[in-house]
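Below: one structure, written as structure tokens.
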Amino acid sequence: MYKIGQKELDAIGEVLFSGKVFRYGIGGACTNFESRYAQYLGVKHVLMTSSGTTALVAALIGQNIGPGDEVLVPACTYIASAIAVLAAGAIPVVIDIDESLTMSPAAAEAAIGPHTKALLPVHMWGLPCDMDALMAIARRRQLKVIEDACQCVGGGYRGRKVGGIGDAGAFSFNYYKNMTCGEGGAAVTNNDEALPRMGCMVDCCRFYWDGRQANGTPFVSSGSRASEIEGAVMNCQLDRIDDMIAKMRAQKTRILAETADAGLKPLKANSLDCECGTHAGFLLPSAEHALAFQKIYPCTIAGKTGRHVYTEWDPIFAKQGAHHPALNPYNLKENADCRRDLTKDQCAASLDILNRSILVGTHPDRSEDDTSKIIANLRQAAEQVL
Ligand SMILES: Cc1ncc(COP(=O)(O)O)c(C=O)c1O
């Protein structure tokens with residue numbers, strides 16, 4: 001959680017005392033956030049959900065992804081990206097990242113097989129993927145692109161906001177994200193035809209509340225509707241995001257500039273001017289260098305977070321794709337020809353990059369003096385380790 005204050009408290013109080021916490025029929029806080037966020041992102045449709053995971057599932061199902069389909073997922077992401085693919089009934093195929101810590105376009109192109117239906121690039125740690133290259137591949141090979149922008153709320157790529165560049169996108173508003181309402185998310189798309197299916201995933205009873213006509217043929221899903229309390233908080237958070245991002249980006253720019261002669265190699269940036277700036281990252285010569293650096297300066301090693309690397313995805317290795325074997329996508333005959341096996345060394349090149357990558361977090365409330373101290377410490381650690 002980056003910033004929360006009196007405005008959020010007042011907005012929650014207003015909703016609670018109004019007695020209107022259910023989002024339908026009042027044109028209230030959720031509807032307002034959805035239209036404001038759509039405008040902010042430059043997309044046609046935004047649907048608030050209860051989490052980033054459910055937003056990803058809705059985004060995938062909106063694009064008709066399901067049994068028989070493979071979706072390419074990067075080796076570095078939170079497990080939810082792969083889980084969402086399985087929740088849609090499809091199979092995640094894990095592929096390499098590059099030195100930007102995001103999906104490698106070359107690996108994506110090489111991994112496309114006869115059952116591949118979509119790419120799921122993940123804008124990790126506020127760092128946008130190489131969307132021009134990925135979109136070009138997807139269009140040429142007739143694949144869908146579902147952007148996982150859960151960790152890149154407020155971020156952009158070459159002048160456009162992430163999440164709205166592919167066919168659909170998903171955001172998380174959980175506690176750790178740039179905008180938060182505790183738990184929450186949003187699924188987005190420009191595609192009118194995707195909307196009824198996406199909406200049905202978010203709330204399969206939606207047709208009772210906002211019309212049978214607009215909602216296509218409903219199917220059964222588990223509900224992930226947002227409440228007006230979340231909508232109210234998100235409207236306040238949206239007012240804060242640009243200022244926060246500008247401050248974090250400026251901090252990152254300063255860290256990069258003032259460590260440029262310290263022998264530290266910055267991670268490859270796909271769109272430095274537009275990214276979130278939540279982390280400055282450096283690629284060290286070896287995993288040993290990264291560990292030694294971390295001992296002197298307590299930074300994050302990208303490969304050691306315990307949850308953002310495919311090797312940590314226990315249910316995927318165990319092929320436990322559902323609560324019941326008959327519903328498990330790994331057992332479905334439609335998926336028999338998909339590439340269902342994942343091995344720990346499948347993306348060895350990614351592991352090498354991740355174990356060499358150190359990340360230094362920024363914060364919108366950090367003073368210039370504190371940033372100076374961080375820079376001095378980074379320089380000192382570099383001097384000792386490199
Ligand atoms: C890259 C990524 N994708 C998806 C998710 C899932 O979001 P949520 O926790 O809101 O379900 C997260 C959450 O941390 C994430 O980091």
Side-chain angles (χ1 to χ4, degrees), residues 1-2 33 37 46-61 65 71-88 90 92 94-95 97 100-103 118-129 131 134 145-155 157 162-163 165-166 168-188 198 201-202 221-227 230-231 233-234 237 270 275-276 278-279 281 300 302-313 315-316 350 354 357 359 361:
M1 182 173 290
Y2 284 85
F33 174 74
Y37 198 42
V46 171
L47 296 177
M48 280 189 77
T49 67
S50 58
S51 72
T53 308
T54 53
L56 274 170
V57 180
L60 285 155
I61 288 181
I65 283 152
V71 178
L72 305 188
V73 172
C76 168
T77 179
Y78 187 52
I79 187 173
S81 315
I83 284 176
V85 173
L86 286 156
V94 182
I95 64 163
I97 54 153
S100 68
L101 305 192
T102 64
M103 181 179 275
L119 308 181
L120 198 148
V122 184
H123 309 293
M124 279 298 283
W125 285 298
L127 309 166
C129 301
M131 288 309 292
L134 292 168
V145 175
I146 290 84
E147 288 175 76
D148 182 337
C150 289
Q151 292 202 10
C152 203
V153 176
Y157 171 83
V162 296
I165 300 171
F171 294 88
S172 168
F173 304 137
N174 80 22
Y175 176 78
Y176 297 102
K177 302 304 189 267
N178 295 343
M179 295 200 292
T180 184
C181 53
E183 297 287 356
V188 313
M198 225 165 87
M201 276 314 295
V202 174
S221 72
S222 46
S224 62
R225 186 173 58 225
S227 83
E230 291 156 333
V233 174
M234 289 313 298
Q237 293 279 290
N270 290 317
E275 64 169 54
C276 291
T278 46
H279 295 87
T300 301
K304 303 280 184 219
T305 66
R307 63 185 186 283
H308 296 114
V309 186
Y310 74 99
T311 50
E312 307 291 333
W313 299 350
I316 312 278
S350 301
L354 290 166
S357 296
L359 296 164

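All ligand and atom numbering here is 1-based and tracks the order in the structure. In this chain, residues are counted from 1 in sequence order.
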Distance from [atom] to nearest protein heavy atom, with residue and atom:
atom                    : value
atom 9 (O) of ligand 1  : Asn174 ND2, 3.0 Å
atom 6 (C) of ligand 1  : Thr53 OG1, 3.4 Å
atom 8 (P) of ligand 1  : Gly52 N, 3.5 Å
atom 4 (C) of ligand 1  : Cys150 SG, 3.4 Å
atom 16 (O) of ligand 1 : Gln151 NE2, 2.8 Å
atom 13 (C) of ligand 1 : Lys177 NZ, 3.1 Å
atom 3 (N) of ligand 1  : Asp148 OD2, 2.7 Å

Nearest-0.5 Å distance that lies between atom [atom1] in [X] and atom [atom2] in [Y]:
X      : Y      : atom1 : atom2 : result
Asp148 : Leu56  : CG    : CG    : 4.5 Å
Ile79  : Glu312 : CD1   : CD    : 9.5 Å
Arg307 : Thr77  : CZ    : OG1   : 11.5 Å
His308 : Gln151 : NE2   : CD    : 4.5 Å
Thr53  : Ile83  : OG1   : CD1   : 7.0 Å

Within a strict 4.5 Å, meaning less than it, do heavy atoms of the [X] and [Y] side chains meet?
X      : Y      : result
Glu147 : Val162 : yes
Ile146 : Val71  : no
Ile95  : Met103 : yes

Verify whether the ring centers belonging to Phe33 and Phe173 lie closer than 6.0 Å.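 So the answer is yes for these two rings.
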Compute the shortest N/O to N/O distance between [X] and ligand 1 and return yes if it is under 3.5 Å, no if not.
X      : result
Tyr78  : no
His308 : no
Val122 : no

Within a distance under 4.0 Å of any heavy atom of [X], pick out the atoms of ligand 1 and give their elements.
X      : value
Ser172 : 7 (O), 8 (P), 10 (O)
Thr77  : 1 (C)
Ser51  : 10 (O), 11 (O)

Check if Glu183 has a non-hydrogen atom at a distance under 4.0 Å from any atom of ligand 1. no
Of the side chain and backbone of Ala80, name the one, both, or neither that has a heavy atom under 4.0 Å from an atom of ligand 1.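 Only the side chain of Ala80 comes within reach of ligand 1.
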In sequence, state the C-alpha distance, the side-chain angles, and the governing distance for Ile97 and Leu354, and then conclude on side chain to side chain contact (heavy atoms under 4.5 Å, CB included). CA-CA 9 Å; Ile97 54 153; Leu354 290 166; 3.8 Å; yes
